[in-house]
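When a residue number appears, it is its place in the shown sequence, counting from 1. Start at 1 and go down the list; that is how both ligands and their atoms are numbered.
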Amino acid sequence: MSENAAHQAQANGGAKADRGIFSPRLDDFLDRLQEGQTPNSGTFCSFCYNPLTTGATRCDHCGQVLADRPAINSVPRDVVEMHRRMRKRESLIVNSFAFFGLGLGLALFLGLVAINVLYLNRELWFFFIAIIVFLVGSRVLAGVIGGVIGDEIGYNYGHKKLAEDWRLHLATRESDRHGD
Ligand SMILES: [Zn+2]
């Protein structure tokens with residue numbers, strides 16, 4: 001009972017604990033699975049699906065004692081799907097922010113062209129500067145806004161939704177388990 005409570009606390013914990021729903025090894029395994037680099041087989045903790053090392057008696061991610069709850073040989077489809085959805089949400093946000101950065105670069109370029117036309121008598125050299133600012137600026141802005149800000153927000157959003165999916169998965173799985 002106290003062990004279940006510990007699991008529950010881990011599953012329901014704050015944003016920090018939510019980040020640890022999937023172990024780094026499981027994240028890595030599911031990324032490779034999604035890319036078709038590995039079959040869905042191995043030895044996994046039947047509570048948190050952490051890939052286990054040979055001879056382990058206890059899961060090194062959630063602490064599940066394997067004698068109490070034997071390991072399983074593949075990750076359930078449901079869990080593979082929730083990881084896929086998490087990655088999709090993350091990349092959608094990163095890409096949206098990157099496009100916003102590109103858009104800002106374009107706005108900067110148009111602003112410089114407008115200055116050139118309105119105030120500088122359409123100087124060719126200033127037009128080239130505007131192009132360089134556009135080429136470099138849009139790349140840098142896309143990289144910073146997408147890769148830094150978007151990445152952080154995408155990560156948090158993806159993991160927040162993963163925590164919701166995970167709670168649902170746990171509730172369904174544990175009620176099925178006790179129903180048997
Ligand atoms: Zn585990």
> Relative to the Zn ion (ligand 1), how many protein N, O or S atoms have a separation of less than 2.8 Å?
Replying inline: 4
> Any link between Ile93 and Tyr155 through a network of hydrophobic side chains (Ile, Leu, Val, Met, Phe, Trp, Tyr) touching at under 4.5 Å?
Replying inline: no
>> Apply the hydrophobic cluster definition, ILVMFWY joined by side-chain contacts under 4.5 Å directly or through others, and give me every member besides Val94.
In response: none
>> Tell me whether Arg25 forms a cation-pi arrangement with Phe44, defined as NZ or CZ under 6.0 Å from the six-membered ring centre and within 45 degrees of its axis.
In response: no
>> Ring-plane angle category for Phe134 and Phe109, please: parallel below 30°, perpendicular beyond 60°, tilted otherwise.
In response: tilted
> CZ of Arg139: more than 12 outside heavy atoms within 6.0 angstrom?
Replying inline: no
>> So which atom in Ile72 and which in Ser46 form the shortest heavy-atom distance, rounded to 0.1 Å?
In response: CG2-CB, 3.9 Å
